[in-house]
**Student:** 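Have a look at this one.
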Number of protein chains: 2
Amino acid sequence: MSVLPRSVACQERRSRLCAVLSTWHRDGVPPTTARERARAELTAEITDLARAQLATVGAAGLSLRAVARELGMASSAMYRYFPSRDDLLTRLILDGYDALGAAAEQADDPTAAPRERWLAVCRAVRAWARAHPHEYALLYGSPVPGYSAPPDTVPAATRVGAALGRVLGDAARAGLLPPADGTPTGLVTAAVAPVLGGDHPVLDDRVRARALLTWSSLFGAVSFELFGHFTGAVADADAFFDDAMRDLAGLVGL
Amino acid sequence: MSVLPRSVACQERRSRLCAVLSTWHRDGVPPTTARERARAELTAEITDLARAQLATVGAAGLSLRAVARELGMASSAMYRYFPSRDDLLTRLILDGYDALGAAAEQADDPTAAPRERWLAVCRAVRAWARAHPHEYALLYGSPVPGYSAPPDTVPAATRVGAALGRVLGDAARAGLLPPADGTPTGLVTAAVAPVLGGDHPVLDDRVRARALLTWSSLFGAVSFELFGHFTGAVADADAFFDDAMRDLAGLVGL
DNA sequence: GGCATCCGAGAGCACTGCTCTTCCGACATC
DNA sequence: GATGTCGGAAGAGCAGTGCTCTCGGATGCC
C-alpha cells in the first residue's frame, strides 16, 4: 500500500525538481550551481516540515521517518541532507534562536524610555515562548540527545541578551544609570562587554553580572510559567510577569 | 546467547525472593502481605537501576528494556511494576524532587542569619543540580514526553520554594524585613501564603510575588549554568552564583 | 490438597535511527 | 550526439525501542 504512492510521489518530486533545475539553468544567473539551489530548496522544505512536526509532537517525538513520509520520500534519502536526526534538531535550534532573537529585536523601540524598552523586549520573549512552546523548550529546556551544545549556536543564542544589553548601554550613555565604583570583580569575562551594552564607566563588572543574572531570570520566569511550575501560585500571569520584569530592571539600575 | 543467562538469573531471583518471602512470613509481622513487600523490593530495585541509568544516559536515553536486561528479567515483566515508561519517569521525577528538597532543607540552619540561610539553600540547590545534572534536567528542563505534569508531584516540587519561604517568614517574624504597605495586588494566589513564609503583615502580595520571582530566578541561573548558556560569559561560576543569590535576597528585602 | 492469583517469559507488532547497496537520470565531457 | 561520471533517491536490512498478548508455572491462601 505504501510502495506505490511513494514511488509516484518520488517521480513527481523528481520531475518537478528537474524542471526547477532546467529553469534556473536557462536563466543563467546561478551564483551557486542549479543543483545546489535545488538542494537548498529541499533542505528548506525538510526543515519547514520538521518545524511543523516539532510544534505538534515536540522535540522528543520528532521523527525523521515521519518527515520523510510526509514529504513523500524514502527515509534513507533524508540522510543526504542531514547526517543525523540531531543535526536536524541543531538546525531547528539555530532557527529558533534566530526567530526569538528577531522577535526581541523587533520589539525594541530605541526611541522609548529604557524601562519601557526593557519591558517590551521581555514581553516579546514571553510572547514568542508562549506561541512556540516546543521550540522554546528545545532552546531553553534540557539539552536533548546526550547533549552537545553546538558552539555555532552561540551568536544566535546571544541575540536576546544583546537586545537587553543594548537597552542597558543606551541608558548608560544617556546618563540614566546610577553611578558605579567600577572596581573589577572578575565574575564576568571580557567577552560579554560588547554584547552587554558596550563600554561605559557606569557599566562595571557588578552591573554586567547583574545583567547576566536578570537575563537568566527572564528565562527562568518564562520557563517556570511554560513548564507549569507556577501553576497554582500565580493568579494573573500577565501582570505578574510585567511586575517581575520591572523588578529585574530595577536590579540593573533601570 | 541471551536466553539461557536470563532464565538462570530469573531462577536465582525467584528463589531469593521466595526466601525473603518465607523469612518475612515466619517473622509474622507483615503490616502488608509478604508478596506486597517483595513487590515493593523489586520496584525499588527497578527505580534504583533506572536512576543509575538516568544518571549516565539521561532521560531521553532511559530504556525500559535496558533496565530489564540489567536486572536479568524479561522486558515484558517490567510492565507488572510500571504501566509505562512515563510512569517510571514520573516516579524518578518524584524521587528527584524529594532528594533536591531534602538537600535544600538540610542546608538550612534555622539559627543562622536570614541572608546566610538564604544563600545556603541556594547553594545546596546548585550543588545538587551539579551533582545530578540529568535528574535536574528531568525536573526543571523540558517536560519530557508529550508532557503531562503529574499533579501529585506538586507537593514534592514545592519543597525548595518552601525552604526559601521559611527563611523569608522567619526573617519577617524577627522584624528583619522592610515594612510593606500590604495592599493586595492580586498577582499571586492565596495558596502560596502557607508555603511562602506564612502570614505576617510585612509579607504582602508584593513580597510574595518577588519571592516567586527569586524562586524562579534561582532555577533560571542554575539551569543557565548547567545547560551551558553561561559558557563564555561567566568567569568565576561559584562567585557569580553567590553574588547573584545575594542580589536576589536583596530583592525580597533580606 | 486444591484453588485462585500473581508473576515472569516469549513472541510479536509497530515504530525508530541509521547503513549499505543498487539503480536511475541529469550533467559535463569527448 | 554518444559516453561516462556522479549526485540523489529507493529499498532492504540491522539493531534497538515501547508496549501487548498469551501461556505456563510457581506461590500464597483457604
Side-chain angles (χ1 to χ4, degrees), chain A residues 2-26 30 33-36 38-39 41-43 46 53 57 60-69 71-89 144-146, chain B residues 2-15 17-22 24-26 30 32-39 41-43 46 53 57 60-69 71-89 144-146:
Chain A
S2 72
V3 175
L4 199 59
R6 187 175 291 177
S7 297
V8 170
C10 162
Q11 291 301 337
E12 288 174 9
R13 162 166 312 284
R14 207 99 209 221
S15 52
R16 213 192 71 230
L17 275 183
C18 296
V20 171
L21 280 173
S22 341
T23 308
W24 280 341
H25 203 65
R26 243 178 285 137
T33 85
R35 238 193 183 121
E36 274 173 0
R39 185 183 175 83
E41 196 187 58
L42 223 182
T43 306
I46 291 176
Q53 203 185 91
V57 296
L62 192 152
S63 148
L64 237 148
R65 285 179 116 112
V67 239
R69 215 177 300 130
L71 219 64
M73 57 194 292
S75 65
S76 55
M78 302 282 294
Y79 292 84
R80 297 265 172 201
Y81 298 87
F82 293 94
S84 80
R85 178 179 172 276
D86 288 355
D87 288 86
L88 213 183
L89 274 180
V144 188
Chain B
S2 74
V3 174
L4 199 60
R6 187 175 290 175
S7 297
V8 170
C10 163
Q11 291 301 337
E12 286 174 11
R13 161 166 313 286
R14 209 92 206 227
S15 52
L17 276 182
C18 296
V20 171
L21 280 172
S22 339
W24 279 342
H25 202 66
R26 243 178 286 137
T32 62
T33 85
R35 235 187 186 131
E36 274 173 1
R37 299 187 63 173
R39 185 183 176 82
E41 197 188 57
L42 222 182
T43 306
I46 292 175
Q53 202 183 91
V57 296
L62 192 150
S63 149
L64 238 147
R65 284 180 117 113
V67 180
R69 214 177 301 131
L71 219 64
M73 56 193 293
S75 65
S76 55
M78 303 281 295
Y79 291 85
R80 300 265 174 205
Y81 297 86
F82 292 94
S84 78
R85 178 179 173 276
D86 287 356
D87 287 86
L88 212 182
L89 274 180
V144 188

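All chains are named by letter (A, B, ...) in the order of the sequence lines, taking the proteins before the strands, and each is independently numbered beginning at 1.
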**Student:** Take the protein atom CG of B:Asp87 and the nucleotide atom P of D:dT20, then report the distance between them rounded to whole Å.
**Tutor:** 11 Å
**Student:** Where each residue is assigned the nucleotide of DNA chain C containing its nearest heavy atom, which of A:Pro83 and A:Ala66 is assigned the position nearer the 5′ end?
**Tutor:** A:Ala66
**Student:** Between C:dG17 and A:Ser63, is there an OP1 or OP2 to side-chain N/O distance shorter than 4.0 Å?
**Tutor:** yes
**Student:** Once you round it to whole Å, what is the distance between P of D:dG18 and CG of B:Asp86?
**Tutor:** 10 Å
**Student:** Can you give me the closest heavy-atom contact between A:Thr43 and A:Phe82, atom names plus distance?
**Tutor:** CG2-CZ, 3.8 Å
**Student:** For the pair A:Tyr81 and A:Leu88, evaluate side chain to side chain contact (heavy atoms under 4.5 Å, CB included) and give the outcome as yes or no after the intermediate values.
**Tutor:** CA-CA 9 Å; A:Tyr81 298 87; A:Leu88 213 183; over 6 Å; no
**Student:** What is the separation between atom CD1 on A:Ile46 and atom P on D:dG8, rounded to the nearest whole Å?
**Tutor:** 11 Å
**Student:** Could you check how far CZ of A:Arg85 sits from P of D:dG16, rounded to whole Å?
**Tutor:** 18 Å
**Student:** Which value, rounded to the nearest 0.5 Å, describes the distance between B:Met78 atom CE and B:Leu42 atom CG?
**Tutor:** 9.0 Å
**Student:** OP1 or OP2 of D:dA10 versus the side-chain N and O atoms of A:Arg65: is any pair under 4.0 Å?
**Tutor:** no
**Student:** Checking all strands, does A:Leu62 fall into the base, sugar-phosphate, or nothing category for heavy-atom contacts under 4.0 angstrom?
**Tutor:** sugar-phosphate
**Student:** Rounded to whole Å, please give me the gap between CG in B:Leu64 and P in C:dA9.
**Tutor:** 14 Å
**Student:** State, to 0.1 Å, how close A:Gln53 and A:Ser63 come at their nearest heavy-atom pair, and which atoms those are.
**Tutor:** OE1-N, 2.8 Å
**Student:** Considering non-hydrogen atoms only, spot the tightest contact between A:Val67 and A:Ile46 and give its length.
**Tutor:** CG1-O, 4.1 Å
**Student:** Using only side-chain N and O atoms of B:Arg80, determine if any of them is under 4.0 Å from OP1 or OP2 of C:dC7.
**Tutor:** no
**Student:** Looking at B:Tyr79, does any N or O in its side chain come under 4.0 Å of the phosphate oxygens OP1/OP2 on C:dG8?
**Tutor:** no
**Student:** Please state how far atom CG in B:Leu42 lies from atom P in C:dA9, giving the value in whole angstrom units.
**Tutor:** 10 Å
**Student:** Under 3.5 Å, is there any donor-acceptor pair linking the side chain of A:Ser76 to the base of D:dA9?
**Tutor:** no
**Student:** Measure CE/A:Met73 against P/D:dG11 and give the value in whole Å, please.
**Tutor:** 12 Å
**Student:** Could you state the interatomic distance from CZ (A:Arg85) to CZ (A:Arg65), rounded to the nearest 0.5 Å?
**Tutor:** 13.0 Å
**Student:** Taking the axis from the first five pairs and the axis from the last five, what angle separates them in the helix from C:dG1-D:dC30 to C:dC30-D:dG1, rounded to 10 degrees?
**Tutor:** 10°
**Student:** Distance check: side-chain N/O of B:Arg39 vs OP1/OP2 of C:dC7, anything under 4.0 Å?
**Tutor:** yes
**Student:** For the side chain of B:Arg69, starting at C-beta, report the closest nucleotide among D:dA9, D:dG16, D:dG11.
**Tutor:** D:dG16
**Student:** Can you name the nearest heavy-atom pair linking B:Ser75 to B:Ala68, along with the distance?
**Tutor:** CA-CB, 3.7 Å
**Student:** Expressed in angstrom and rounded to an integer, what is the separation of B:Tyr81 atom OH from D:dT20 atom C1'?
**Tutor:** 18 Å
